[in-house]
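Here it is: the structure, laid out below.
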Protein chains: 2
Amino acid sequence: MNIQKLIDKGLKLKSYPKDSVIYEPGMQPRYVYFIKSGEVRMVTVSDEGKEFIQGVFKTGQYFGEPALLTDRPYLAFTIASRDSQIISVNKEDFFKLIENEPNFSMELIRNLSNRLFYKSMMLEELASEKADHRLLTMINYLLTDIKAGENLRVTRQELADMTGLRVETVIRGMKLLAGKGLIKTVKGKIVKV
Amino acid sequence: MNIQKLIDKGLKLKSYPKDSVIYEPGMQPRYVYFIKSGEVRMVTVSDEGKEFIQGVFKTGQYFGEPALLTDRPYLAFTIASRDSQIISVNKEDFFKLIENEPNFSMELIRNLSNRLFYKSMMLEELASEKADHRLLTMINYLLTDIKAGENLRVTRQELADMTGLRVETVIRGMKLLAGKGLIKTVKGKIVKV
DNA sequence: ACTTATTTATGATCTAGGTCATGTTTGAGG
DNA sequence: CCTCAAACATGACCTAGATCATAAATAAGT
């Protein structure tokens, strides 16, 4: 989906400063959100306050459709991880996009399929595998996004929040994986070989 | 999607006896499967042999699209939970359905959204909540499908395989939940009040 | 109504990973 | 080049739930 097209259609752009909340659990969904610039994270928080990162969305991506389309209140917070500009598209306009925008519905189907794939993978990890395996799977998944030589700009706390582990476990796990040569780390940062 | 329509189009129906495997991990996806009758379960198996039920699909439903559309090898086994009749629709025909069948693409988008919603909920549970909470969430989710007075036809082992717990933990957990009045159980079966 | 297989149940351990406490290192802002 | 906050690190526990063993209760087939 081309963001500029949305702007041309006259849809309003809104700025969300870093750490501002776009929506929170319990709210009734009204929009699909297209990111013009910036980055957001989708986070669920347990009764005891433990955070879990359900997903991260970057410039050019959109989020919030599943809740809107299934008409169920949000389960998660969505929070700007840095200053972001976001276009809110209401239900009616979103349906128009699906109907009139060539290829958009197919693109959306592929996109949802991809997310489903990621979640299935993580479910299997969380349900069945132990800490180090989980961690390695997560790291390898994140590494697919970057080029060799670059390093993952992700903290241990973030890895913990994505894998359902605790920081200390991630720290010890990474040390072990690095020792076994399963990951390479330079100055604490994971680098793609 | 109307199954009869697919049969009218001349697509072939195949019978899968109980416990037969429709596809397994690593295979390259070629079809989307529509269930004319019966029921299948989608299961991932960890390195140590632990099974996790990713989902259950029943008469009238379809499965296998995400892997086909993202062109990635299957992660899971799909196994007939009872004698089933299934129509395999190849990629080309599936795309035709999306393009030509009115409402089908919208229905598919809603369907994928629903599955995503379920997986997000389970991810949060597996990542953050403890055994009894997980169990209760799963049971309540399954109860939404049935009428008051009916009981869940699900074994404790199946509940274990859906929540990532072990049978013993499910057994003890259910006893506790029943004691607290959070679930009602008659002759070992969970019944909807 | 038997016989056999599956499911449920319960007690006794064991352990991975959480929790807690207390540093040390790194890096951004003045 | 300092300062201060965030990120990383490590040791010492502790506990939820896994594991193991064994048996009772249902269900299913003949």
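Numbers restart at 1 for each chain; the letters A, B, ... are given by sequence-line order, proteins then strands.
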Margin query: Please check if the number of heavy atoms outside A/Lys189 that lie under 6.0 Å from its NZ is greater than 12.
Written below: yes

Notebook entry, point to check: When you measure from the side chain of B/Thr155, which nucleotide among C/dA16, C/dG18, C/dT8 comes out closest?
Noted result: C/dT8

Next item on the list: Specify the separation, in whole Å, of atom CD of B/Glu51 and atom P of D/dA18.
Entry: 16 Å

Notebook entry, point to check: How close or far is atom P of D/dA18 from atom CZ of B/Phe52, stated in whole angstroms?
Noted result: 13 Å

Check: Would the number of heavy atoms belonging to other residues, nucleotides or ligands and lying under 6.0 Å from CG of B/Asn103 be above 12?
Finding: no

Item checked: A/Glu48 CD to C/dG18 C1', straight-line distance once rounded to whole Å -> 13 Å

Next item on the list: Could you tell me the separation between the NZ atom of A/Lys130 and the C1' atom of D/dA16, rounded to a whole number of Å?
Entry: 17 Å

Check: Rounded to whole angstroms, how far apart are CD on B/Gln157 and P on C/dA5?
Finding: 18 Å

Notebook entry, point to check: Can you tell which of A/Asn111, A/Ile35, A/Ile86, A/Ile87 makes a side-chain contact (heavy atoms from CB on, under 4.5 Å) with A/Tyr62?
Noted result: A/Asn111

Next item on the list: Could you pull out the closest heavy-atom pair between B/Tyr23 and B/Gly64, with the gap in Å?
Entry: OH-CA, 4.3 Å

Item checked: B/Glu129 CD - D/dA16 P separation (whole Å) -> 15 Å

Next item on the list: Identify which nucleotide among D/dA16, C/dG17, D/dA27 has an atom closest to any side-chain atom of B/Lys187, counting heavy atoms from C-beta outward.
Entry: D/dA27

Check: In whole angstroms, how far is the P atom of D/dA7 from the CG atom of A/Asn151?
Finding: 16 Å

Note to self: Using the salt bridge (Lys or Arg N to Asp or Glu O under 4.0 Å) criterion, which residues pair with B/Lys91? Sequence neighbours excluded.
What the structure shows: B/Asp71

Note to self: So, OP1 or OP2 of C/dT8: does either fall under 4.0 Å of a side-chain N or O from B/Lys189?
What the structure shows: yes

Next item on the list: State plainly whether the residues A/Glu51 and A/Arg41 are in salt-bridge range, i.e. N to O under 4.0 Å.
Entry: no

Note to self: Just N and O in the side chain of B/Thr169: are any of them under 4.0 Å from OP1 or OP2 of D/dG17?
What the structure shows: no

Notebook entry, point to check: Looking at A/Arg134 and A/Glu125, does any basic side-chain N land under 4.0 Å from a carboxylate oxygen?
Noted result: no

Shorter than 3.5 Å, N or O on both sides, protein versus nucleotides 9-15 of chain C: list them out with atom names.
unit_1: C/dA9; atom_1: OP2; unit_2: B/Arg156; atom_2: NH1; d: 2.6
unit_1: C/dT10; atom_1: OP1; unit_2: B/Lys175; atom_2: NZ; d: 3.2
unit_1: C/dT10; atom_1: OP2; unit_2: B/Lys175; atom_2: NZ; d: 2.7
unit_1: C/dG11; atom_1: N7; unit_2: B/Arg172; atom_2: NH1; d: 3.1
unit_1: C/dG11; atom_1: O6; unit_2: B/Arg172; atom_2: NH2; d: 3.3
unit_1: C/dA12; atom_1: N6; unit_2: B/Arg172; atom_2: NH2; d: 3.4

Next item on the list: Please report, rounded to the nearest Å, how far the C1' atom of C/dG18 is from the CZ atom of A/Arg134.
Entry: 12 Å

